[in-house]
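Report on the following structure.
What you see below is based on every heavy atom in this structure, not just the backbone, and it leaves out hydrogens, waters and symmetry mates. Given the structure is predicted, the values throughout are model-derived calculations rather than measurements. Numbers restart at 1 for each chain; the letters A, B, ... are given by sequence-line order, proteins then strands.
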Protein chains: 2
Amino acid sequence: MNLKELARKLDLSPTTVSRALNGYPEVNEATRERVAAAARKYNYQPNTRAIRLATGRAMAVGHVIPVATRHEIVNPVFADFIAGAGEVYSRNGYDLLLSVVPDDDEERAYRELKSRGTVDGVIVHSPRMQDERIPLLHDLGIPFVVHGRATDSARPYPWVDVNNRRAFQRATEFLLDLGHRRIALLNGLEFMDFAIRRRAGYEAALAAHGITPDPAIMAAEEMTETCGHRLGVALLSAPNPPTAFLVSSMIMGLGLRRAIEERGLRMGRDVSVIIHDDELSYLRNGDDVPIFTATRSSVREAGRQAAAMLIGLIRGEAGAPRELLMEAELIIGQSTGPHRG
Amino acid sequence: MNLKELARKLDLSPTTVSRALNGYPEVNEATRERVAAAARKYNYQPNTRAIRLATGRAMAVGHVIPVATRHEIVNPVFADFIAGAGEVYSRNGYDLLLSVVPDDDEERAYRELKSRGTVDGVIVHSPRMQDERIPLLHDLGIPFVVHGRATDSARPYPWVDVNNRRAFQRATEFLLDLGHRRIALLNGLEFMDFAIRRRAGYEAALAAHGITPDPAIMAAEEMTETCGHRLGVALLSAPNPPTAFLVSSMIMGLGLRRAIEERGLRMGRDVSVIIHDDELSYLRNGDDVPIFTATRSSVREAGRQAAAMLIGLIRGEAGAPRELLMEAELIIGQSTGPHRG
DNA sequence: ATCACATTTCAAACCGCTTTGGATTGGGAC
DNA sequence: GTCCCAATCCAAAGCGGTTTGAAATGTGAT
């Protein structure tokens, strides 16, 4: 059933039917209801392809997912972020278009998205510092929202981010208050913007206590279980090992815990650990009692917020906020305890 | 730059330009090259929306991701499956459309996908046994491929799956050969088809050794870290605890390991564990030496295969295989050892 | 009765491409 | 020289909606 057929059944012009269904004012309330009833009866659904061509809008949002050609890692937070964003898109009639692109081909991907008009806007994932995608998207004139931030961007740009700096600063302070002085940092790779900010927070808290950060107990690696384990083993068996760890992801934290327990130590008693918890749905930090003490911020909620912001931008809604800094909670779990001198 | 403008620049009709670019035979080789050159020069990209309307094809594939309204879990294998599928789509000019849908609303989602013509085909995720989506998609006439299988489907349907039964049968046999007799099964929720098949393999291997499965050491739960931990604690502290575990996912295995180590036991020495490893990119089972002994099968590869099969179906390629059973490898890691009587 | 004006409806153009059904041209067969 | 056919190209009609500009109808004021 298409518009023309429906119009013929109703003995109306396609124009009127279209307007009736789209809520235009210049149509009689009685006819509008007649049209609506018929549309329901015949289960009329306007053809998306036609709407898109006619209106010039794609009614779709793109998420370009760069897949590192070398280590081929898919960011584990994607699934939840997208689940959150997807909710908002479907409520607003937008489709979610996923482009999986080798990371050396991203620029071409964005240009094509623009010139072929497949999407009305995009979400930028995993920003690096001085990310080239931001000026590119500005130039192309595609509405976009960055999940995270890119330090040192020349122009302002819309973003949704967690206050990574504050979170890690608070977490470090918490450990300091427990008496820990030798606090290791297991960070993500530091070309990622969030990793830089977390380190900054960590260093600021140390500095405020007159402690100079020790590069020997600061690592920046891929946030995997095995990396967490390897770093844990190395740091714990070194001379003057840390008594506490600040870890950038739950998965890495699981690896660290493995290293701790292999050495016959107890997490929370012998060694304190704070992780960052993205509240991934398949990796909950405990059901009721948190396993890890954690800085917690829902990445799914970030997805919702970013999607809402992007739709606002696409619709050209003025005055909507263009920046959103989400504060992480500090959740006290069983993985931290006072320093045992 | 659109087709009409390009045609005018070339002093040709849009017809000819279109044909030249799409490789139709009725155009002079010389003009074809002239057209191609101009297209490059002006960076002409045909408008996707127009192509879609004109051809009636959506050039897009849908992945409907049901989000459980209650526990809100996003399947952690999605990200990698989709990364694999996405590679194949982009190579073939298809877009990947993600619909995040509350799981009680899935039927409507599929019907709408059909009647609005947004996609040419879909991938069905996480099939249950007797999955209602399969007859629905058959009726709607949308090409589809199921990732996994649905026991007891009346009609045949295209699928890509791991041989879950064989994998768990082999794993169980391996444990039996090591002398274990009390082998626990930590399975996924058993309305999922793969969980049923894994249990069948487990039970078959036990039966071949004259062992009656003991429901007391068989669990079917959500495959999370905390569930693995909770079940591990419960089973290990029960009278007559198992000496080996067969676990349906790596994440669950991490939780189990935590329970084992909390009790002062060593995995691989005191308790043997075999997990199923989907080779998730962010959750590798060790870098060179596997942490867990595992049945291993790449979910990303499954994504590639399913995508390729679906595109074949959409294109109406006859003779292409409609079913693909991938065998899992048994990888020997450090988490298994002989039974210590 | 007449006119201005708001309300309601419609015909037709348009979005940018594909595709059908000719039209034109040139060369070879007869 | 005529006819046929292959090789090229084109005009126009689509795809299924939206949107513009105009027409038809009804209403109240004059």
Query raised in the report: Which nucleotide in the set dC10(D), dT9(C), dC17(C) lies at the smallest distance from any side-chain heavy atom of Ala54(B)?
Result: dC17(C)
Report summary line: Separation of dT18(D) atom C1' from Glu26(A) atom CD, nearest Å, is 12 Å
Query raised in the report: Over how many whole Å does the gap from Asp11(B) atom CG to dT8(D) atom P extend?
Result: 19 Å
Report summary line: Closest to the side chain of Pro46(B), out of dC17(C), dC10(C), dG17(D), is dC17(C)
Requested in this report: Can you tell me the distance, in whole Å, between the CG atom of Leu21(B) and the P atom of dT19(C)?
Outcome: 13 Å
Requested in this report: Scan Ile51(B) against the nucleic acid and name what it touches under 4.0 Å (heavy atoms): base, sugar-phosphate only, or nothing.
Outcome: sugar-phosphate
Query raised in the report: Phosphate oxygens OP1/OP2 of dT18(C): is one of them under 4.0 Å from a side-chain N or O of Ser18(B)?
Result: yes
Query - Distance test, side-chain N/O of Tyr24(B) to OP1/OP2 of dT18(C), below 4.0 Å - result: no
Query - Pairwise 5' ranking along DNA chain D for Pro25(B) and Ala50(B), keeping only the more 5' one - result: Pro25(B)
Query raised in the report: For DNA chain D, whose closest nucleotide is more 5', that of Glu29(B) or that of Thr55(B)?
Result: Glu29(B)
Query raised in the report: For Arg32(A) and dT7(C), what is the distance between atoms CZ and P respectively, to the nearest whole Å?
Result: 14 Å
Query - Lys/Arg N to Asp/Glu carboxylate O, Glu301(B) vs Arg304(B), below 4.0 Å - result: yes
**Report entry** Side-chain N,O (Tyr44(A)) to OP1/OP2 (dG17(D)) below 4.0 Å
**Finding:** yes
Requested in this report: Using atom NZ of Lys4(A) as one end and atom P of dG17(D) as the other, report the distance to the nearest whole Å.
Outcome: 10 Å
Query raised in the report: Does Thr16(A) place a side-chain N or O at less than 4.0 Å from the phosphate oxygens OP1/OP2 of dC10(C)?
Result: yes
Requested in this report: Measure the distance from CG on Leu3(A) to P on dG14(D) and round it to the nearest whole Å.
Outcome: 17 Å
Query raised in the report: dG17(D) phosphate, OP1 or OP2: any side-chain N/O from Asn47(A) under 4.0 angstrom?
Result: no
Requested in this report: State whether the distance check finds a donor on one side and an acceptor on the other, under 3.5 Å, for side chain Thr15(B) versus base dT18(C).
Outcome: no
Query - Salt bridge flag under 4.0 Å for residues Asp193(B) and Arg149(B) - result: no
Report task. Output the single nucleotide from dT18(C), dG17(D), dG16(D) whose closest atom is nearest the side chain of Asn22(B). Result -> dT18(C)
Requested in this report: Spell out yes or no: do the side chain of Arg19(B) and the base of dT20(C) have one donor N/O and one acceptor N/O closer than 3.5 Å?
Outcome: yes
Report summary line: To the nearest angstrom, the CD-C1' distance between Glu5(B) and dC15(C) comes to 13 Å
Report summary line: From CG of Asn28(B) across to C1' of dA6(D) the rounded distance in Å is 13 Å
Query raised in the report: Is the closest side-chain donor-acceptor distance between Asn43(B) and Arg111(A) under 3.5 Å?
Result: no
**Report entry** Sugar-phosphate only, base, or nothing, as touched by Leu53(A) at under 4.0 Å among non-hydrogen atoms
**Finding:** base
Requested in this report: Could you grab the distance from atom CD of Glu87(A) to atom CD1 of Ile82(A), nearest 0.5 Å is fine?
Outcome: 13.0 Å
**Report entry** Parallel, tilted or perpendicular: ring planes of Phe144(A) versus Tyr157(A), cut at 30 and 60 degrees
**Finding:** parallel
Query - Whichever of Arg57(B) and Thr31(A) has its nearest DNA chain C nucleotide further upstream toward 5' - result: Thr31(A)
Query raised in the report: Taking the inter-plane angle between the rings of His125(B) and Phe81(B) on a 0 to 90° scale, is it parallel (under 30°), tilted (30 to 60°) or perpendicular (over 60°)?
Result: perpendicular
